[in-house]
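Just so we're on the same page: letters track the sequence lines, and every chain starts at 1. All values reported here derive from a predicted model rather than from experimental measurement.
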Amino acid sequence: MRVALAAGRRPRTPAIIPGALPAFGLTLFWVGLLVLLPLAALAERPWENGAPWLLATLTTPRTLAALRLSFGCALCAAAVTTLLGLLLAWVLERVRPPGWRMLDALIDLPFALPTAVAGITLATLYAPTGWIGAPLAGLGFRIAGTPVGIGVALVFVGLPFVVRTVLPVLRDLPGELEEAAATLGARRGQIALRVLLPALFPALATGFGLAFARGVGEYGSVIFIAGNKPMVSEIAPLLIVIRLSEDDYAGAAGIGLLMLVTAALCLMLVTLLRRRLPAMRGVAG
Amino acid sequence: MGVELRDISCLFGRTPAVRDISLSVPEGEFLALVGPSGAGKTTLLRIIAGLQPGYTGHVAIGTRDVTQVPARQRNIGFVFQNYALFRHMSVADNVAFGLKVRPYRRRPNRAAIAARVSELLELVQVGALAKRYPAQLSGGQRQRVALARALATEPELLLLDEPFGALDPLVRKEIRTWLRGLHDRLGLTSILVTHDQDEALEVADRIAVLRDGRLEQIGTPAMLEDAPATPFVHRFLGETVGFQAMSQAGSLRLEGAWRSVGATLPPAPPGAGSVLLSVRPYAVGLAQTQPGQEGARVLGVQRSGAFLRYRIAPSEALEAEAVTLLVPASLPALSPGSLCALDLSAARLFPSADDPMPQKAGRAVSAVDA
Amino acid sequence: MSGALQTRSGIGTLSGLALTLAAWAVVTLLLILPVGILFAQALRQGLDAALTALSDDDVLAAIRLSALVVALVVPINTICGLFAAYALTKFDFPGRAALLVLIELPLSVSPVVAGLVWVLLFGRHGWFGPFLAAHGVRMVFTLPGILLATLFVTFPFVTRTVMPVMEAQGRQHEEAATMLGAGFVSLFWRVTLPETGAALVSGVLLCAARSLGEFGAVSVVSGHIPGLTETVPLRIEALYNGYETVAAFALAAVLAVASGLIVGMRGLIEWRRGRPAGESN
């Protein structure tokens, strides 16, 4: 049964699983149109008046104030969110009070509430006439219209990210770790500080990073409560909208590019951290 | 249909997984590809199936060069190691799949498909399970369904990748006898990949031994046993004991620690040089020494089924060199401490350079740790 | 001793009780009260007033537009997302990591930037703006712009939820189907797709919820023309800024319920898949 086999050049072996052409074709078209092309525009437009001009626009007092506000609020809010998220995760996993399932379900509320809805409810709630805002106003605190209000909105938005990142790690943390420490004579405070915190650190840092990345760019839930006074409570995304309405594409793109780069760097860090957290694969960004 | 492979090579990254293999499988043959894990046997099987990208060389099935033919058009039945049954389909739907996905003109009608499916399920003796889902089947049943599915499109070539690996030993033995019967009844050409040499010896007409991507030897089980091409082949097909020896001027003598035990050796090969004697532990003759005769020392003896398991060393001091030999329990037993005469005339001889992984002389080696 | 730390302490211990109270306080102030005020404000003047506010023409137009956006965006992103997951999991190719990054990128972009990029491309001074204007095509401040912005924002969801499942399935089922003679269409339709099952539904729901509620990106490209280019979230903003509180909150409540139902359904599916809900957004 000797067969005449074509001799000579190295044959091209066919693709194994069918569908490479449609799958890659559609994917590349889709990614190209929806991501690459817009990104190219975002990367190119800021420079059209030259780098010095871009630097000048990005360093006007108003822009600087907006950037400082967005990044500062996102940082503070992420820190607060991390603490509150740790508290909630701890209660859910280690205390398990009656009704913990309800508590667990409530955590995801911000995922379910569209940002505009969250925005107007938070604004109403924390306004000087609102359920929470009024008593605080009586004490002399203003929340709506100040950076604190922005922070409140960002904590609201970021909370589920932290809880959902920390919870699985806390669940998988072997109880023996704490027991071992306890048998070695460690006091509670020491256990928390020396044993638990280091073990939870990557998860906490990841949650912090996710909350921060989300917070920097957050728009819908913030603009209603922020008051949007230039130099005081005007966030960077809003400034982009304003620049666009002034037809200043380059200026808008400049701020946008800066924010995109920061968020991307932050998420890259998170991804690196997450590689060290096997239990957390698949948890969101 | 027969299979012809010519000059097949395949790289995984920079490491060659298959190196320049040519072999042909005549129609109707049951061929087993054996070798330790990483020998390239599964890769070779996947190349034949068309599932392995990036190989060089040529593959022909029957009279057709299929090198450039995509897997789906090769009409090969393939049974995967874990069966790869579609979990969301019933057994009947799994078997019918290959018929249902045919282009409209070649697709049998519903009734014909149903008839074919029940015929196949009867053939593999799981007719009653048609409506079940894979998760509800035992390992052996899944195996049979996978086989029925592979046979549904009437392939003339059947490829099986470690098909018995996931079965428990009892079922395994039964199902491989049955598979061989099916092969004969349907007039298939089959290629089986296994790392279990017993399995290969039992079902296959011929065995191809692979190692590090190379074809060491191909032949019938008897050929491989009688004339192994390399010590590796000998070792892979069963337990072996190896001794280093020196051939010089038509005479052969053991080297190293065993040099002074005065064993009976096979005739010397032509030429001079270092030689490896490889012998099955049950093929070594052991006898009481005559007074004054040189011999090896019996360190211990243990009953093992119908055999006695002897631990033998050149002398008590050289315990590190000890080998284990099997002797039928019906022969007169030797007591520990006594001297014995070794008859190594059944040993196979290999030039030592043939064995790229030289063993210490006198070590029992089983295929598993080879 | 330190028992409270080692295992689940319940609220029996003092620290357990204190932590639980603190947790409920956070949840109440931050999560429960906003939802409470949402419905309280919507029904402030009674159900009738709320329903009347909802039957306004512009509100109905906004609901129709949002429904249209969801109906168009979800299928497109589902099909493309599935194909991308297929390409990323069933084939080895150089640049896989880069493609993954590109697909995930929209998740890290501010919604405003997600809208901005389309203005940069298709706006009056955009790359293609003058060309399109010369041919009488308007992309921004019209439906296509809203669609593009929403597509961009919801772009990774299906791929992200489906990919881990496809990855876990491996390629053997596709190989088996190939050996049985299946071509791409029947293989994808009969083998790959059914096996993604619940994950696909989950991803689709996520995509739907987000495209329904997206505000920032759409706000940038919409043009805010009542009755024409206002989606539900934009209408809510307009009503709120116009001090029509009841109408704003009534519409917000409707949107929240719709979105909550979708997310809740997804939570149920994820829970049955054996994962905590709320992962990935």
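Contact of A:Leu244 with chain C is made through the side chain alone, with heavy-atom distances under 4.5 Å. If you measure heavy-atom distances from A:Leu42 to chain C, the contacts under 4.5 Å come from both the backbone and the side chain. Of the atoms belonging to C:Phe39, not a single heavy atom falls under 4.5 Å from chain A. In this structure, chain C has a heavy atom under 4.5 Å from the side chain of A:Leu84, while its backbone stays farther away. With a threshold of 4.5 angstrom between heavy atoms, A:Ala250 does not approach chain C through any atom at all. Looking at C:Val119, the atoms closer than 4.5 Å to chain A (heavy atoms on both sides) sit in the backbone and in the side chain alike. Residue contact with chain C, scored on non-hydrogen atoms closer than 4.5 Å, involves the backbone and the side chain of A:Leu106 alike. Heavy atoms closer than 4.5 Å to chain A are found in the side chain of C:Trp118, but not in its backbone. Contacts of A:Leu26 with chain C are made by side-chain atoms alone, with heavy-atom separations under 4.5 Å and no backbone atom involved. In this structure, no portion of A:Leu238 lies under 4.5 Å from any heavy atom of chain C. With a threshold of 4.5 angstrom between heavy atoms, A:Leu257 does not approach chain C through any atom at all. Of the atoms belonging to A:Phe29, not a single heavy atom falls under 4.5 Å from chain C.
Top candidate by heavy-atom pairs under 4.5 Å with chain C, chosen from A:Ala116, A:Pro38, A:Gly99, is A:Pro38. Put simply, of C:Trp127, C:Phe93, C:Phe188, C:Phe152, the one with the most heavy-atom pairs under 4.5 Å next to chain A is C:Trp127. Per-residue counts of heavy-atom pairs under 4.5 Å with chain A were compared for C:Leu121, C:Val113, C:Leu88, C:Thr178; the largest is that of C:Leu121.
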**Request:** Would you sort out whether A:Ile223 and C:Glu237 count as a side-chain contact (heavy atoms from CB on, under 4.5 Å), showing the intermediate values?
**Result:** CA-CA 10 Å; A:Ile223 51 156; C:Glu237 182 198 23; 4.0 Å; yes

**Message:** What verdict does the side-chain contact (heavy atoms from CB on, under 4.5 Å) test give for A:Val35 and C:Ile103, after you've listed the backbone C-alpha separation in whole Å, the side-chain angles of each residue and the deciding distance to 0.1 Å?
**Reply:** CA-CA 8 Å; A:Val35 181; C:Ile103 288 180; over 6 Å; no

**Prompt:** Are A:Trp100 and C:Thr20 close enough, and set up right, to give a side-chain contact (heavy atoms from CB on, under 4.5 Å), and what steps lead you there?
**Reply:** CA-CA 9 Å; A:Trp100 68 273; C:Thr20 306; over 6 Å; no

**Item:** CA sep, side-chain torsions, deciding dist, call: A:Val31, C:Phe155, side-chain contact (heavy atoms from CB on, under 4.5 Å)
**Value:** CA-CA 9 Å; A:Val31 170; C:Phe155 168 93; 4.0 Å; yes

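Two rings, from C:Phe83 and A:Trp30, have their centers 6.0 Å or more apart.
To the nearest 0.5 Å, atom CG of residue A:Leu109 and atom CD1 of residue C:Ile32 are 8.5 Å apart. Note that CZ of A:Phe111 and CG of C:Leu206 are 9.0 Å apart. Values are rounded to the nearest 0.5 Å. Rounding to the nearest 0.5 Å places CH2 of C:Trp24 at 5.0 Å from CG of A:Leu103. Put simply, CG on C:Leu19 and CZ on A:Arg94 are 12.5 Å apart, with the number rounded to the nearest 0.5 Å. To the nearest 0.5 angstrom, A:Ile17 atom CD1 is 6.0 Å from C:Arg171 atom CZ. Once rounded to the nearest 0.5 Å, the distance linking CG of A:Leu260 with OG of C:Ser110 reads 9.5 Å.
Between A:Tyr126 and C:Leu33, the closest side-chain pair of non-hydrogen atoms is not below 4.5 Å. You'll find the side chain of C:Leu31 reaches within 4.5 Å of the side chain of A:Pro110, heavy atoms only.
In terms of modelled atom types and a separation under 3.5 Å, the side chain of A:Tyr249 and the main chain of C:Leu116 share no donor-acceptor contact. No side-chain donor-acceptor contact under 3.5 Å links C:Ser108 to the backbone of A:Ala264.
Relative ring orientation between C:Phe215 and A:Phe224 is described as tilted, the plane-to-plane angle lying within the 30° to 60° band.
For the side chain to side chain contact (heavy atoms under 4.5 Å, CB included) test with C:Gln41, the passing option among A:Ile120, A:Thr124, A:Thr121 is A:Thr124; the others fail.
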